[in-house]
J.: 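Here it is: the structure, laid out below.
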Amino acid sequence: GQQVMQIPQYQHVQEGEDFTTYCNSSTTLSNIQWYKQRPGGHPVFLIQLVKSGEVKKQKRLTFQFGEAKKNSSLHITATQTTDVGTYFCAGRRGGADGLTFGKGTHLIIQP
Amino acid sequence: DTAVSQTPKYLVTQMGNDKSIKCEQNLGHDTMYWYKQDSKKFLKIMFSYNNKELIINETVPNRFSPKSPDKAHLNLHINSLELGDSAVYFCASSPRQGGSYNSPLHFGNGTRLTVT
């Protein structure tokens, strides 16, 4: 079945440092979505990428979708304590396939 | 408030019992899902319904039975609970736009199930 691998599993950074999480799929994806889950909370949709090579920005967050539509990354510039949480990528092959989530990257920020 | 709401928020029960979790969305979405999140935060899809019809049924023990009385509700009934069923169960919904299932998911707050 479809697999979505996400690394690293944990990332400790000092406040103000940058952070990147990477996502790789074993199959070509129709789109990729990113979610953030705060501790004790539920996943909240951040963004969706559809086009090959697409780059989207949301303030300090930059999202990329690879040319082959098999990999993606999320980069946070100058992390803040509010960025703490688990970041998930989720991909779908297409049709009625459900979203397959990566295992998430837990971002821990030290003030 | 427009939302996906689940009840109960916490559920503690003994092995062998039967329990249900309810989910309702007032977003007007066509598709609803159940996801299981284990202790390592891994999110795995269990079921998906579109307009009351089952469209995804992953490899889940048949002790788990979803029911969708209408497109705004998707309930999950679990028979003969086992220790390994302990997890957080998330309901989610999404619109189906133009025949596409590519829309984002809106998650409920989750139900933390503890089986003792």
Side-chain angles (χ1 to χ4, degrees), chain A residues 1-11 21 23 25 28-51 54 56 58 63 65 69 72 84-108, chain B residues 3-7 9-10 21 23 25 27 29-51 53-60 66 74 87-112:
Chain A
Q2 180 187 358
Q3 289 192 14
V4 175
M5 312 299 289
Q6 192 173 352
I7 57 168
Q9 189 175 356
Y10 294 91
Q11 183 77 60
T21 172
C23 194
S25 169
T28 302
L29 301 169
S30 64
N31 65 76
I32 196 152
Q33 298 176 7
W34 285 91
Y35 293 78
K36 177 184 178 181
Q37 185 176 17
R38 292 181 187 273
H42 59 277
V44 174
F45 173 76
L46 293 176
I47 209 158
Q48 176 170 269
L49 303 170
V50 179
K51 298 176 185 173
E54 190 170 12
K56 285 189 176 180
Q58 287 180 350
F63 304 84
F65 200 12
K69 299 183 76 172
S72 181
V84 162
T86 304
Y87 292 84
F88 293 95
C89 62
R92 188 185 267 121
R93 284 178 298 189
D97 278 2
L99 270 179
T100 298
F101 279 78
K103 291 193 173 182
T105 295
H106 306 270
L107 174 60
I108 299 120
Chain B
V4 179
S5 56
Q6 295 178 228
T7 54
K9 188 170 181 179
Y10 298 97
I21 308 172
C23 179
Q25 55 94 5
L27 298 164
H29 290 168
D30 299 305
T31 311
M32 295 185 73
Y33 309 81
W34 279 109
Y35 277 83
K36 179 180 179 181
Q37 186 171 49
D38 62 22
S39 58
K40 295 184 179 177
K41 301 287 191 189
F42 183 41
L43 269 168
K44 187 170 167 56
I45 190 167
M46 301 173 70
F47 301 103
S48 172
Y49 270 73
N50 184 68
N51 207 4
E53 279 191 49
L54 180 67
I55 53 172
I56 293 173
N57 182 356
E58 291 293 315
T59 309
V60 175
L74 180 61
V88 180
Y89 291 84
F90 285 102
C91 177
S93 71
S94 68
R96 187 182 169 199
Q97 294 169 337
S100 163
Y101 293 95
N102 287 335
S103 303
L105 301 185
H106 296 250
F107 283 85
N109 289 331
T111 296
R112 182 174 293 276

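It should be emphasised that the depicted structure is a prediction, and the values quoted were computed from it without experimental measurement. Lettering follows sequence order; numbering is per chain, from 1.
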J.: Could you have a look at A/G102, A/G41, A/G40, A/P43 and say which one has the most heavy-atom pairs with chain B under 4.5 angstrom?
T.: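 Counting heavy-atom pairs under 4.5 Å, the top option is A/P43.
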J.: Any chance you could measure B/Q37, atom CD, to A/F88, atom CZ, to the nearest 0.5 Å?
T.: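 Result: 5.0 Å between the selected atoms.
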J.: Taking atom OH of A/Y35 and atom CZ of B/F107, what is their separation to the nearest 0.5 Å?
T.: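 Spacing of OH (A/Y35) from CZ (B/F107) equals 5.5 Å.
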J.: Does A/K56, at its NZ atom, have more than 12 non-hydrogen atoms belonging to other residues, nucleotides or ligands within less than 6.0 Å?
T.: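 Yes.
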J.: Give the minimum heavy-atom separation between A/K103 and B/F42, together with the two atoms involved.
T.: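 Shortest heavy-atom contact: CG-CD1, 3.7 Å.
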J.: Side chain, backbone, both or neither: which part of A/Q37 has an atom under 4.5 Å from a heavy atom of chain B?
T.: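 Answer is side chain: those atoms of A/Q37 sit under 4.5 Å from chain B.
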J.: What's the shortest heavy-atom distance between A/H106 and B/K40, and which atoms?
T.: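 Scanning both residues, the minimum pair turns out to be NE2-O, 4.1 Å.
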J.: Looking at B/L105 and A/Q33, what are the two nearest heavy atoms and their distance?
T.: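 Distance-wise, the nearest heavy atoms are N-OE1, 4.1 Å.
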J.: What part of B/L43 is in contact with chain A, defined as an atom under 4.5 angstrom from a non-hydrogen atom: side chain, backbone, both or neither?
T.: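 Both parts, heavy atoms under 4.5 Å.
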J.: Chain A heavy atoms under 4.5 Å from B/F90: which part of the residue, side chain, backbone, both or neither?
T.: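 When you check distances to chain A, only side chain atoms of B/F90 fall under 4.5 Å.
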J.: Mind checking side-chain hydrogen bond (donor to acceptor under 3.5 Å, both in side chains) for A/E54 and listing every partner two or more places apart, or none if nothing turns up?
T.: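 Listed in chain order: nothing, the list is empty.
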J.: Working to the nearest 0.5 Å, report the span between SG of B/C91 and NE2 of A/H42.
T.: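 Rounded to the nearest 0.5 Å, the SG-NE2 separation comes out at 11.5 Å.
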